Amino acid sequence: MSIIQVANLKKSFGSLDVLKNVSFEVDKSEVIAVIGPSGSGKSTMLRSLVNLEQINGGSIRIQDQYLVKDGGYASQQQIKAITSGMGMVFQHFNLFPHLTVQGNLELAPRTVQKLTAGEVRRRSQELLGKVGLADKSDAYPARLSGGQKQRVAIARALMLNPAILLFDEPTSALDPELVGEVLRVMKQLAEEQMTMIVVTHEMGFAREVADRVLFMDNGEVVEAGTPEQIFDNPQQERTRTFLNRVVRV
Amino acid sequence: MSVEYLVKISKPMLEGAGTTISLFLIAIALSVPLGFLFTLMSRSRFKLVAGFAHTYIYIMRGTPLTLQLLFFCFGLPMLPVIGEFLVMDRFVAACLGFVLNYAAYFAEIFRGGLLSIDKGQHEAAQVLGLSRWQATVKVIMPQMFRVALPSVANESITLVKDTALLYAVAVPELLHYTLTAVNRDFNLTPFVVAGVIYLMMTLALTLFFKFLEKKFKYE
């Protein structure tokens with residue numbers, strides 16, 4: 001049973017059609033890698049799932065609830081409830097610079113879920129341990145490397161126990177030598193059966209970790225399939241052209 | 001120039017400095033929150049509210065503070081019908097003038113602070129489920145104040161010096177007692193003493209804001 005169903009998604013900025021007719025489904029515990037050239041609409045598609053972008057047409061159904069049905073949005077309250085099941089990790093981390101690592105993790109559970117300090121502290125320590133940053137809980141983001149920041153951002157997203165994690169180019173802002181530590185955490189989450197959609201330029205990660213790969217170009221899903229199908233035997237000319245331009249994996 | 005003379009002129013001047021400091025504290029305590037309110041209003045979705053804030057800021061920044069002080073002290077009571085209810089103690093009227101004027105400047109300083117905050121901060125807060133209000137209070141405001149701090153420090157120091165405008169509405173403060181002493185004794189020393197007192201006040205402020213900046217460095 002699919003946990004996310006996207007049908008005929010349309011989005012335009014003025015006269016520019018960013019998403020033309022995007023449809024796909026994601027099963028529970030599936031890891032989807034979304035690849036494609038810049039400006040193909042990958043990020044817009046991902047952001048529309050958590051209501052960071054408003055779409056102009058189509059439907060988004062998440063955990064059996066319609067966020068948007070045929071272009072009509074659910075009520076504010078429903079939107080909040082639906083999107084609360086998803087966590088998001090951004091390209092530029094978007095950590096809160098005025099809070100320590102621990103403060104970043106604990107802000108939402110404390111203010112939104114009103115959990116007690118003790119519960120929240122246990123969970124934040126556990127998650128920081130999981131991403132290998134137990135010793136950084138009192139550090140401010142300014143003192144962390146890019147890779148560490150992104151691992152904190154992943155831990156922060158996990159604090160709310162999301163059913164689905166979305167990653168918007170999580171390693172694109174990192175120095176090459178820091179990419180591995182972030183991908184390792186993501187791989188571990190995939191092994192723990194987390195449902196993930198990852199917009200990425202890391203073809204190695206897409207091939208190794210993803211269950212399915214979506215290739216997007218020009219606001220459309222051009223081709224979708226297993227990593228083997230997409231990388232070794234692409235059916236579409238546009239997919240071949242793109243893969244020839246990026247480093248072969 | 002004897003020590004006795006210095007003590008003699010310093011006493012009323014320090015009393016005057018007391019008035020200066022009272023005005024400063026009242027003005028800063030009220031104009032900072034009022035200014036922030038205007039910042040929020042100027043970003044309101046309701047055009048009328050935003051328009052009011054913009055007009056207010058334009059008028060208060062676009063006319064001299066001296067004119068505003070004269071208006072509050074001497075102009076308001078001249079208004080027909082309601083004028084007689086608007087006769088205030090001149091110190092109170094002056095405080096009102098300073099608060100309303102500085103609020104406009106602080107509003108613009110905070111607006112600048114808000115503009116400097118990356119939209120990713122709003123997005124992260126939204127995705128984490130924070131309401132608009134929670135995001136403003138817990139995420140945006142602390143960062144905005146940090147960015148605005150150097151400008152607030154600058155404006156506060158200007159405020160200390162602007163208190164000398166009380167002279168124009170005949171509220172006795174530091175400058176008033178200084179001039180009295182200069183005219184009476186035909187001596188420049190009171191000017192120097194006044195300068196030193198102003199410098200001490202601004203030094204205290206400078207150190208205070210340096211402390212705040214260090215405290216809120218977030219490193």
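All chains are named by letter (A, B, ...) in the order of the sequence lines, taking the proteins before the strands, and each is independently numbered beginning at 1. Every value quoted in this text rests on a predicted model; they were computed, and no experiment measured them.
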Side chain to side chain contact (heavy atoms under 4.5 Å, CB included) between B:Val137 and A:Thr111, worked out: CA-CA 11 Å; B:Val137 173; A:Thr111 41; over 6 Å; no
Stepwise side chain to side chain contact (heavy atoms under 4.5 Å, CB included) test for A:Leu52 and B:Val127: CA-CA 8 Å; A:Leu52 287 176; B:Val127 170; 3.7 Å; yes
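Closest heavy-atom contact between B:Gln134 and A:Val112: OE1-CG2, 4.2 Å. Summarising the geometry of B:Ala124 relative to A:Asn94, their closest heavy-atom pair is CB-O, 3.6 Å, with the distance given to 0.1 Å. When every heavy atom of A:Asn51 is checked against every heavy atom of B:Gln126, the shortest pair comes out as O-NE2, 3.2 Å. Here the closest non-hydrogen pair linking B:Val139 and A:His98 is O-CE1, 3.5 Å. A:Leu160 and B:Leu128 get closest at one heavy-atom pair: CD1-O, 3.4 Å.
Contacts of A:Gln76 classified as side-chain hydrogen bond (donor to acceptor under 3.5 Å, both in side chains), with partners at least two apart in sequence or in another chain: none.
Only the side chain of A:Arg47 comes within contact range of chain B, with at least one heavy atom under 4.5 Å from a heavy atom of that chain. Contacts of A:Ser84 with chain B are absent, with no heavy-atom separation under 4.5 Å from either backbone or side chain. Of the two parts of A:His92, neither the backbone nor the side chain holds a non-hydrogen atom closer than 4.5 Å to a non-hydrogen atom of chain B. Both the backbone and the side chain of B:Glu123 come within contact range of chain A, each with at least one heavy atom under 4.5 Å from a heavy atom of that chain. With a threshold of 4.5 angstrom between heavy atoms, A:Leu166 does not approach chain B through any atom at all. Looking at A:Phe90, the atoms closer than 4.5 Å to chain B (heavy atoms on both sides) all sit in the side chain, from C-beta outward. Residue contact with chain B, scored on non-hydrogen atoms closer than 4.5 Å, involves the backbone of A:Met86 exclusively.
No more than 12 heavy atoms of other residues, nucleotides or ligands lie within 6.0 Å of CG in B:Leu48, so this atom counts as exposed by the packing criterion. Environment of NZ in B:Lys138: sparse, with no more than 12 heavy atoms of neighbouring residues, nucleotides or ligands closer than 6.0 Å. Counting non-hydrogen atoms of neighbouring residues, nucleotides and ligands closer than 6.0 angstrom, the OH atom of B:Tyr58 reaches no more than 12 such neighbours.
When each of A:Ala139, A:Ala142, A:Pro97 is scored by its heavy-atom pairs under 4.5 Å with chain B, the top score falls to A:Pro97. Considering only heavy-atom pairs separated by less than 4.5 Å from chain B, the leading option among A:Thr100, A:Leu99, A:Val89, A:Leu95 is A:Leu95.
Taking non-hydrogen atoms and a 4.5 Å limit, the residue list of residues 201-219 of chain B in contact with chain A, ordered by number, reads B:Tyr218, B:Glu219. Contacts of residues 141-152 of chain B with chain A at a heavy-atom distance below 4.5 Å involve B:Pro142, B:Gln143, listed in sequence order.
Checking side-chain atoms of A:Lys80 against main-chain N and O of B:Gly129 turns up a donor-acceptor pair under 3.5 Å.
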Identify all side-chain donor-acceptor contacts of residues 12-40 of chain B below 3.5 Å with residues at least two apart in sequence or on another chain.
unit_1: B:Thr20; atom_1: OG1; unit_2: B:Gly16; atom_2: O; d: 3.3
unit_1: B:Ser22; atom_1: OG; unit_2: B:Gly18; atom_2: O; d: 2.8
unit_1: B:Ser31; atom_1: OG; unit_2: B:Ala27; atom_2: O; d: 2.6
unit_1: B:Thr39; atom_1: OG1; unit_2: B:Gly35; atom_2: O; d: 3.0
unit_1: B:Thr39; atom_1: OG1; unit_2: B:Ala107; atom_2: O; d: 3.0

